[in-house]
Amino acid sequence: MAKRKTNGGAEDSAGSILSTVAGPSVPPHPTRLEPPATGTSTETVASPKVGDGQPAIGENALNRPLDRVRVDDSARELTTNQAVPVADNQNSLKAGLRGPTLMEDFILREKITHFDHERIPERVVHARGSAAHGYFESYEDLGDLTRAAPFTAAGKRTPVFVRFSTVAGERGSADTVRDVRGFAVKFYTDKGNWDLVGNNMPVFFIQDAMKFPDLIHAVKPEPHNGMPQAASAHDTFWDFASLSPEIAHMLLWHTSDRAIPRSYRMMQGFGVHTFRLVNAQGVSVFCKFHWSPMAGTHSLVWDEAARITGADPDFHRRDLWEAIDSGQFPEWELGLQIFTEDQVAKFPFDILDPTKIVPEEMVAVRTVGKMVLNRNPDNFFAETEQVAFCAAHVVPGVDFSDDPLLQGRLHSYIDTQISRLGGANFHEIPINTPVAQMHNNQRDGMHRQAINRGRVNYEPNSLAGGCPFQAGARGFVSFPEPQHGSKVRGKPELFADHYSQARLFWISQSLTEQRHIIAAFRFELTRVQTPAVRQRVLALLANIDEVLVASVAEGLGMSVPPPLPPATDRPPYDYPPSPGLSLFARPGSMGIRTRRVALLVGANTDLAQARSLYASLLDDGAVPRLIGERIGPVVEISLETAPSVLWDGVIVPDAMPAVGDVTVFEFLKLQYRHGKPLLALGNGAELLKAARIPHTLPHGVPDPGVIVAAAVDAMEALASVKAVLAQHRVYARETDPPRV
């Protein structure tokens with residue numbers, strides 16, 4: 001039976017009207033002295049603490065910009081938490097100078113007690129993160145698709161707070177480990193907060209939330225010895241993976257360079273699940289969310305990532321902070337994949353399966369807006385650590401699909417925040433409060449901030465004029481999706497195709513990326529101590545691609561086993577390659593902005609030339625630094641504190657002596673090994689020669705990233721280096737690379 005839309009609802013198959021109407025309310029009378037929410041007859045008695053007792057009717061003062069809670073201690077004397085001035089903050093109160101400390105020293109006890117409780121439980125997953133403020137700007141009015149607040153007008157800006165994170169590691173782990181990266185965006189819309197909580201990969205390891213605790217237990221440090229930290233290269237993870245063939249697609253993403261991004265600013269973000277968009281007429285379409293960085297999608301290479309872990313475990317945090325602090329604001333464009341019920345019926349996969357993507361060749365990505373991060377937090381704990389994201393936080397116009405992993409997430413996030421942040425009032429922590437007004441009848445609980453007036457804390461009511469009243473069709477209305485079927489534990493048949501899209505990802509990668517995937521599998525499985533686990537993983541890979549499994553098996557010194565039995569009788573679907581799945585498909589449009597360039601200088605360096613090169617790099621937005629043996633009037637950073645892996649390229653100015661310092665040689669060799677551009681000017685070429693840096697690629701053609709030029713041609717040579725630097729690195733060196 002057809003269903004007629006009405007007032008944000010629909011007519012069900014039985015013909016009864018499903019609609020949502022606003023609740024009854026009585027506005028305050030203009031001549032009435034006592035508002036409906038009055039709490040006491042003495043409320044007009046004023047004081048510096050309670051104010052004048054007459055807040056604006058219908059206002060929640062908690063929903064204000066964060067300036068209301070920012071604190072500046074400049075030119076202020078030290079006090080206790082009760083604002084009592086502290087006379088001596090260096091010595092505890094004692095019975096005599098050499099006597100025992102007295103229990104009555106309330107200043108000491110307050111200080112120590114607060115210190116003892118300064119840490120809250122870390123997130124079980126995504127514990128290590130970094131965040132920033134910014135805005136989202138819509139390119140167009142999307143009213144035909146959704147009434148979601150950020151998309152209601154072209155040019156509309158919505159404040160956002162974005163947190164990036166690793167998944168498996170604890171709060172003190174390193175940034176550059178092989179892992180999925182969280183990409184969570186909190187939109188502070190004028191219709192409430194919307195949290196788009198996603199990852200830098202569009203698929204996930206499992207299909208159902210029932211398996212999430214097992215996945216995380218398996219990838220976390222093994223419980224008997226607490227090792228390894230922030231790594232998947234161990235037996236329990238791969239044991240779980242080898243017994244869960246639904247993981248096949250995600251394993252390809254996890255072993256690809258997506259798992260070791262160059263920067264948070266240079267990775268994509270995805271909503272992972274299929275969501276619904278609903279317009280003002282109650283018409284719904286399906287949607288997948290894509291964030292694409294304007295800086296392009298770039299990664300580290302594994303040897304580089306491992307070395308950075310030791311050189312600077314805060315590499316990604318520092319990169320994000322410094323880019324914003326220098327005014328090089330990170331930007332992403334938001335794209336939507338929109339598809340209908342009719343299209344879904346023709347897909348060779350199930351859109352409710354979070355281990356599958358919708359290839360862009362089937363549904364194009366429509367770019368609808370831009371996100372800019374333009375302000376670092378004032379306080380890491382108060383903002384980055386206390387921000388609470390939840391997949392269930394949506395606004396009118398955004399709704400859920402029946403994806404079984406998403407359905408579990410709707411509960412898990414809020415349950416976690418209650419534990420982490422001390423109770424059900426975590427939404428009143430300043431970073432979590434919406435900019436839209438918040439009014440309801442929830443009361444009490446730990447750490448309550450709001451002081452609600454009046455005796456009414458229920459609805460419906462008449463004693464408060466019916467307020468706060470339900471919004472009716474203006475509020476959130478769930479899409480009335482018809483449901484049928486028996487209660488059952490299981491999966492739809494299309495969920496059982498575990499390998500077709502894994503193969504799609506594999507064949508869509510460049511040869512360089514395929515080599516990296518093979519190397520990652522070899523490294524991870526070499527760390528696995530149980531031969532049977534390795535054997536099962538190879539049997540899983542045998543269902544994806546013959547070259548892949550044969551190469552991994554060779555690296556492990558094993559034979560290719562028979563493939564795992566498929567979970568369905570349906571033949572695999574033969575997808576054509578999807579070029580957009582390669583990192584190389586998005587080189588970016590920002591040139592060399594924020595690229596870090598080392599200028600090696602010594603006692604005889606042509607400083608005038610070095611300064612000219614430095615200035616030219618700065619003009620193009622790069623981050624040059626003068627590096628030498630010891631810091632001083634010229635040298636900004638010493639070699640021992642600025643190892644090669646922290647730089648995107650290196651320049652040796654004229655007259656740099658061909659010193660025999662192994663540290664300099666190692667710096668140059670690693671720059672070459674990791675595909676970075678190298679420029680040597682004049683006599684600086686002697687240093688490249690002494691370090692045995694080849695000028696040609698393995699096939700005998702000139703290496704575009706090793707540039708040697710006369711001193712008089714410095715600026716022309718620098719232009720060539722900038723062109724290579726903008727392409728990130730020279731991957732062609734990896735084909736049978738010479739030893740250096």
Side-chain angles (χ1 to χ4, degrees), residues 20 22-28 35-39 50-51 54-70 133 135-136 147-150 152 156-161 184-197 382-383 386-399 410 413-418 420-461 464-478:
T20 306
S25 66
V26 178
T38 184
V50 303
Q54 293 293 324
I57 300 300
E59 292 292 312
N60 185 333
L62 291 177
N63 302 122
R64 292 287 184 271
L66 291 179
D67 284 339
R68 66 187 170 82
V69 291
R70 288 194 174 100
H133 293 275
Y135 65 85
F136 171 78
R147 62 186 180 122
T152 54
K156 182 177 182 178
R157 288 189 175 184
T158 300
V160 298
F161 188 68
V185 181
K186 185 180 289 290
F187 294 82
Y188 300 98
T189 87
D190 50 19
K191 295 297 182 182
N193 287 354
W194 171 30
D195 293 348
L196 183 53
V197 193
E383 296 172 86
Q386 289 196 125
V387 67
F389 293 95
C390 179
H393 292 166
V394 294
V395 293
V398 180
D399 208 343
L410 301 183
Y413 283 74
I414 193 167
D415 191 44
T416 297
Q417 306 303 352
I418 290 172
R420 284 192 67 243
L421 299 173
N425 289 318
F426 65 84
H427 59 281
E428 292 191 329
I429 296 173
I431 192 62
N432 295 320
T433 56
V435 296
Q437 285 289 298
M438 175 176 57
H439 295 282
N440 56 49
N441 293 310
Q442 297 172 18
R443 298 290 188 269
D444 308 338
M446 294 180 66
H447 311 305
R448 184 70 173 181
Q449 303 297 306
I451 300 176
N452 298 91
R453 306 171 70 215
R455 57 177 170 169
V456 170
N457 57 358
Y458 54 91
E459 195 273 335
N461 68 73
C467 301
F469 54 92
Q470 64 185 37
R474 294 194 308 276
F476 181 86
V477 180
S478 294

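Side chains included, hydrogens not; waters and symmetry mates left out as well; all remaining heavy atoms used.
When atom types are taken as modelled, the side chain of Arg147 and the backbone of Thr152 share no donor-acceptor pair closer than 3.5 angstrom. Between the Asn63 side chain and the Val435 main chain, no donor and acceptor come within less than 3.5 Å of each other. A donor-acceptor pair is defined here as one N or O able to donate and one able to accept, closer than 3.5 Å; such a pair exists between the side chain of Glu428 and the backbone of Gln449.
Side chain to side chain, Asn457 and Arg443 fail the donor-acceptor criterion of an N or O pair below 3.5 Å. No side-chain N or O of Gln417 forms a donor-acceptor pair with one of His427 less than 3.5 Å apart. Remark: the Gln437 side chain and the His439 side chain contain an N/O donor-acceptor pair separated by less than 3.5 Å.
Comment: Asp190 engages Lys156 in a salt bridge, judged by a side-chain N to carboxylate O separation of less than 4.0 angstrom.
A distance of 7.5 Å separates CG in Asn193 from OG1 in Thr433, rounded to the nearest 0.5 Å. Distance check: Trp194 CH2 to Thr158 OG1 gives 9.5 Å after rounding to the nearest 0.5 Å.
Contact check for Asp415 versus Tyr413: no side-chain heavy atoms found under the 4.5 Å cut-off.
With sequence neighbours excluded, the residues satisfying salt bridge (charged side-chain N to carboxylate O under 4.0 Å, His left out) with Asp195 are Lys186. For Gln386, there are no side-chain hydrogen bond (donor to acceptor under 3.5 Å, both in side chains) partners at least two apart in sequence or on another chain. Phe469 pairs by the side chain to side chain contact (heavy atoms under 4.5 Å, CB included) definition with Ser25, Cys467, Arg474, not counting sequence neighbours.
You'll find the ring centres of Phe187 and Phe136 inside the 6.0 Å limit.
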